[in-house]
Trainee: 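This is the structure I have questions about; it appears just below.
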Amino acid sequence: KLCFAVARDGTRVLLEQTLAEVEAELDPTRYFRLNRQVIAAAPAVQRFSSLGKGRLAVQLAPALDGEVQVPQERAAAFKAWRAR
């Protein structure tokens, strides 16, 4: 499977690492794994809202294709990360 980094200007760069490998190298105070497909930098998170059943919808800038969701299992950790 392919793994891309998306720059602030929307440019996509193909990475040779898996998302798990990328996550292991990032500063957890600046980056958060939203779900199985997306790691977001703190400045990229514009807003988030509840989807019900504990899930969250996250709006990123630049926007990604489709809605980015945080599953119930990660929602509390995400909110704590955003509160820092």
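Keep in mind it's a predicted model, so treat the numbers as computed, not measured. Computed from heavy atoms alone, side chains included, the values below leave out hydrogens, waters and symmetry copies.
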Trainee: Should Ile39 and Leu15 be regarded as members of a common hydrophobic cluster, given that ILVMFWY residues are connected when their side-chain heavy atoms come within less than 4.5 Å of each other, either directly or indirectly?
Mentor: yes

Trainee: Provide the full list of side-chain hydrogen bond (donor to acceptor under 3.5 Å, both in side chains) pairs with a residue in residues 52-65, sequence neighbours left out, each pair given once.
Mentor: Arg47-Gln59, Arg55-Gln69

Trainee: Quick one, Leu34 and Leu60 - any side-chain contact, counting heavy atoms below 4.5 Å?
Mentor: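 Result yes, sub-4.5 Å side-chain heavy-atom pair found.
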
Trainee: State, yes or no, whether a side-chain contact exists between Thr18 and Cys3 at a heavy-atom distance under 4.5 Å.
Mentor: no

Trainee: Rounded to the nearest 0.5 Å, what's the gap from CG on Leu51 to CG on Leu56? Could you check?
Mentor: 7.0 Å

Trainee: Tell me, which pairs form a side-chain hydrogen bond (donor to acceptor under 3.5 Å, both in side chains) where one or both residues lie in residues 73-84, sequence neighbours left out?
Mentor: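 Qualifying pairs: none.
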
Trainee: Can you name the nearest heavy-atom pair linking Ala7 to Pro62, along with the distance?
Mentor: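 Scanning both residues, the minimum pair turns out to be O-CG, 3.4 Å.
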
Trainee: Check Arg12 against Val6 and note the closest heavy-atom contact, atom names and distance.
Mentor: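 Reported closest heavy-atom pair: CG-CG2, 4.0 Å.
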
Trainee: Checking Val45 against Phe32 for the side-chain contact (heavy atoms from CB on, under 4.5 Å) test, could you report, in this order, the C-alpha distance in whole Å, the side-chain angles of both residues, the deciding distance, and whether it holds?
Mentor: CA-CA 10 Å; Val45 177; Phe32 188 85; over 6 Å; no

Trainee: Mind checking the CG-CD spacing from Leu2 to Glu16? Nearest 0.5 Å is all I need.
Mentor: 11.5 Å

Trainee: Rounded at 0.5 Å granularity, tell me how far CG in Leu19 sits from CZ in Arg33.
Mentor: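 Rounded to the nearest 0.5 Å, the CG-CZ separation comes out at 4.0 Å.
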
Trainee: State plainly whether one hydrophobic cluster holds both Val68 and Tyr31, where clusters connect Ile, Leu, Val, Met, Phe, Trp and Tyr through side-chain heavy atoms under 4.5 angstrom apart.
Mentor: no

